[in-house]
Asker: 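Structure provided below as structure tokens; questions to follow.
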Amino acid sequence: MLVMGFVMLVLGVIGIFLPVMPTAVFLILAAWFFGRSSPALERRLLENPRFGGMLRNWRDHGAIPRRAKLFAVAGIAAGYVLSIIAYEPGLPMALAILAMMSAVAAWIVTRPES
């Protein structure tokens, strides 16, 4: 669990610099893994001035900030369009991908806001 916490933390830090890679998801996972292996490291993440509030809101309320929701849904939409252009799937596959991505976007939008 500790190793996975560090792996997720590294991926989250990489996501800060790469616009196509999410940061929040990996930091949430890092906090989860650290919570089960090192309470001190979990506490450091939760007390981080930049990400601590977001992590506590997610942990306590399942809340996602409105700005994060907008970026997530825009990223999902862009990913769908790019995948259709790049891979040219048939209609059934394109609809299946659309259904899955729409379900994820709907789930994100319905989370409470911080």
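All residue numbers refer to positions in the sequence shown, counting from 1. Everything numeric in this text was worked out from a predicted model, so none of it was measured.
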Asker: Check whether V73 and V81 end up in the same hydrophobic cluster, where Ile, Leu, Val, Met, Phe, Trp and Tyr are linked by side-chain heavy atoms less than 4.5 Å apart.
Answerer: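 No, no single cluster joins them.
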
Asker: Check whether more than 12 heavy atoms from other residues, nucleotides or ligands sit under 6.0 Å from atom CZ of R36, and answer yes or no.
Answerer: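 Yes, CZ of R36 has more than 12 neighbouring heavy atoms, counting only those of other groups under 6.0 Å.
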
Asker: Rounded to the nearest 0.5 Å, how far apart are CZ of F6 and OG of S37?
Answerer: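 Output value for this atom pair is 8.0 Å.
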
Asker: Do F51 and T23 come within less than 4.5 Å of each other through their side chains, counting heavy atoms only?
Answerer: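 Yes - at least one pair of side-chain heavy atoms lies under 4.5 Å apart.
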
Asker: Would you give the length of the straight line joining atom CG of N48 to atom CE of M54, rounded to the nearest 0.5 angstrom?
Answerer: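 Separation between the atoms: 9.0 Å.
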
Asker: May I ask you to test the L9-L41 pair for a side-chain heavy-atom distance under 4.5 Å?
Answerer: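 With C-beta onward as the side chain, the pair stays apart.
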
Asker: Check whether any side-chain N or O of R111 sits under 3.5 Å from a backbone N or O of W107 as a donor-acceptor pair, and report yes or no.
Answerer: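 Side chain of R111 to backbone of W107: a pair is present.
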
Asker: Could you report the tightest heavy-atom contact between A63 and E113, atom names first, then the distance?
Answerer: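 That would be CB-C, 4.0 Å.
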
Asker: I need the I64 CD1 to L70 CG distance, nearest 0.5 Å.
Answerer: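 That separation rounds to 11.5 Å.
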
Asker: Is the number of heavy atoms from other residues, nucleotides or ligands under 6.0 Å of M21 CE greater than 12?
Answerer: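 Correct, the count exceeds 12.
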
Asker: What I'd like to find out is whether the side chain of E42 reaches to under 4.5 Å of the side chain of F33, using heavy atoms alone.
Answerer: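 E42 vs F33: side chains apart.
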
Asker: Would you compute the distance between atom CD of E47 and atom CG of L55 and round it to the nearest 0.5 angstrom?
Answerer: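 It comes to 11.5 Å.
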
Asker: Is there a continuous path of hydrophobic side-chain contacts, each under 4.5 Å between heavy atoms, that joins V104 to M93?
Answerer: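 Yes, same cluster.
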
Asker: Quick check on the hydrophobic clustering: are I84 and L98 connected, directly or via other members, by side-chain heavy-atom contacts under 4.5 Å?
Answerer: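 Result: yes, single cluster for both.
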
Asker: Ignoring hydrogens and angles, tell me if any N or O in the side chain of Y80 forms a donor-acceptor pair with the backbone of A94 under 3.5 Å.
Answerer: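 Yes: the side chain of Y80 pairs with the backbone of A94.
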
Asker: In the single-linkage hydrophobic clustering (I, L, V, M, F, W, Y; side-chain heavy atoms under 4.5 Å), do L95 and I85 co-cluster?
Answerer: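 No; tracing contacts between hydrophobic side chains, which count when under 4.5 Å, never links both residues.
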
Asker: Could you grab the distance from atom CZ of F34 to atom CG of L2, nearest 0.5 Å is fine?
Answerer: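 If I round to the nearest 0.5 Å, the distance is 6.0 Å.
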
Asker: Where is the tightest heavy-atom contact between V109 and K69, given as atom of each residue plus distance?
Answerer: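 Nearest pair, atom of V109 first, then K69: O-NZ, 3.1 Å.
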
Asker: G62 and P112: which non-hydrogen atoms are nearest, and at how many Å?
Answerer: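 That would be O-CD, 3.4 Å.
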
Asker: Return the minimal non-hydrogen interatomic distance between L27 and G12, and the atom names on each side.
Answerer: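 Taking every non-hydrogen atom into account, CD2-CA, 4.3 Å.
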
Asker: Treat each ILVMFWY residue as a node, draw an edge where side-chain heavy atoms are under 4.5 Å apart, and state whether V13 and V7 are in one component.
Answerer: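 Different clusters: V13 never reaches V7 through Ile, Leu, Val, Met, Phe, Trp or Tyr contacts under 4.5 Å.
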
